[in-house]
**Student:** 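After the structure tokens below, expect a handful of questions from me.
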Amino acid sequence: MASSASPRAANARRSFLFGRTRAVEPALRPPWGLDEDDFVARCTRCDHCIESCPTGILLRMDGGFPGVDFSRGECTFCAECVAVCEPRALVRDDADAAPWARVAVIGEACLAARGVECRVCGESCPAAAIRFRPRLGGVAFPELDAAACTACGACIGPCPTRAIDTRARNHLPMESET
């Protein structure tokens, strides 16, 4: 009897039976957060970082730990969250240290990919990392300059189709993306 399960589902079951759990990207932590294991070990879930965030993008996420929700706004990298973090789950030892190793990505749901003129992401980007190059016979499509992108999230909330997200700069695909 043939199985009606998809190959992806069969692989997931096989991985589970052999003790291999799938990689799931954790919630985006506040800027200058330690790596996930160290962050979770140090964070006391006191909410001081959440309360200090002037843009209101920090929220309690799974397990009560703080995480970033860019649909609420952008990160200005003011470092207020770092200043109030007593357990040092957020650490900025170097003033030039990047807040996180992330970059914005523009997905297939982008209106420009569907032939609809939209430039809201480029207009929202304070780093001018999203530019629009005209295309012959079509609308201009956004091009992201990854080197200029700070992953501040300013482009995410205003996107009418939620086509923009951030991911790790050294991105490894999750099982759901394969």
**Student:** Looking at residues at least two apart in the chain, or sitting in another chain, which of them share a salt bridge (charged side-chain N to carboxylate O under 4.0 Å, His left out) with R135?
**Tutor:** none
**Student:** Which distance, rounded to the nearest 0.5 Å, do you find between the CG of L59 and the CE of M61?
**Tutor:** 5.0 Å
**Student:** To the closest 0.5 Å, what do you measure between CG (D165) and CG (L28)?
**Tutor:** 9.0 Å
**Student:** Would you give me the side-chain donor-acceptor pairs under 3.5 Å for residues 69-77, sequence neighbours excluded?
**Tutor:**
| residue | atom | partner | partner atom | Å |
| --- | --- | --- | --- | --- |
| D69 | OD1 | S71 | N | 3.0 |
| D69 | OD1 | S71 | OG | 2.6 |
| D69 | OD2 | S71 | OG | 3.2 |
| R72 | NE | G56 | O | 2.6 |
| R72 | NH2 | G56 | O | 3.2 |

**Student:** Is there a path from F132 to L144 through hydrophobic residues (I, L, V, M, F, W, Y) whose side chains come within less than 4.5 Å of each other?
**Tutor:** yes
**Student:** For V139, which fellow cluster members are found when Ile, Leu, Val, Met, Phe, Trp and Tyr are connected by side-chain heavy-atom distances below 4.5 angstrom, either directly or through intermediates?
**Tutor:** none
**Student:** Testing the basics here: between V120 and P160, what is the closest heavy-atom pair and its distance to 0.1 Å?
**Tutor:** CG1-CD, 3.7 Å
**Student:** Measure the CG-CZ distance between D37 and R42 for me, rounded to the nearest 0.5 Å.
**Tutor:** 13.0 Å
**Student:** Once rounded to the nearest 0.5 Å, what's the spacing between atom CD of E36 and atom SG of C43?
**Tutor:** 10.0 Å
**Student:** Nearest 0.5 Å please: distance from the OG atom of S124 over to the CD1 atom of I156.
**Tutor:** 11.0 Å
**Student:** Regarding R45 and the six-membered ring of F65, is the cationic atom NZ or CZ under 6.0 Å from the ring centre and inside 45° of its axis?
**Tutor:** yes
**Student:** Please determine whether the number of non-hydrogen atoms from other residues, nucleotides or ligands lying under 6.0 Å from atom CD of E117 exceeds 12.
**Tutor:** yes
**Student:** Take a 6.0 Å sphere around CG of D62 and say whether it holds more than 12 heavy atoms from other residues, nucleotides or ligands.
**Tutor:** no
**Student:** D93 versus R88: any side-chain heavy-atom pair under 4.5 Å?
**Tutor:** yes
**Student:** Are the side chain of R29 and the backbone N or O of P66 linked by a donor-acceptor pair below 3.5 Å?
**Tutor:** yes
**Student:** Could you tell me the separation between the CD atom of E51 and the SG atom of C46, rounded to the nearest 0.5 Å?
**Tutor:** 7.5 Å
**Student:** Taking the side chain from D47 and the backbone from I50, do they hold a donor-acceptor pair closer than 3.5 Å?
**Tutor:** no
**Student:** Is the shortest heavy-atom distance from the side chain of V82 to the side chain of V91 under 4.5 Å?
**Tutor:** no
**Student:** May I ask you to decide if G67's main-chain N or O and R60's side chain share a donor-acceptor pair within less than 3.5 Å?
**Tutor:** no
**Student:** Give me the atom names and distance for the closest heavy-atom approach of C149 to A104.
**Tutor:** SG-N, 3.3 Å
**Student:** Checking the side chain of W100 only, and the main-chain atoms of A151 only, is there a donor and an acceptor separated by less than 3.5 Å?
**Tutor:** yes
**Student:** Is there a chain of hydrophobic side chains (I, L, V, M, F, W, Y, each step under 4.5 Å between heavy atoms) that links I106 to L111?
**Tutor:** no
**Student:** Quick one: do V68 and L58 satisfy side-chain contact (heavy atoms from CB on, under 4.5 Å)? Show the steps, please.
**Tutor:** CA-CA 5 Å; V68 176; L58 299 183; 3.6 Å; yes
**Student:** Is W32 reaching over with its side chain to a backbone N or O of A97, donor-acceptor style, under 3.5 angstrom?
**Tutor:** yes
**Student:** Keeping the roles fixed (side chain from R169, backbone from A101), state whether a donor-acceptor pair exists under 3.5 Å.
**Tutor:** no
**Student:** Grouping I, L, V, M, F, W and Y whenever their side-chain heavy atoms are under 4.5 Å apart, do I164 and F141 come out in a common cluster?
**Tutor:** no
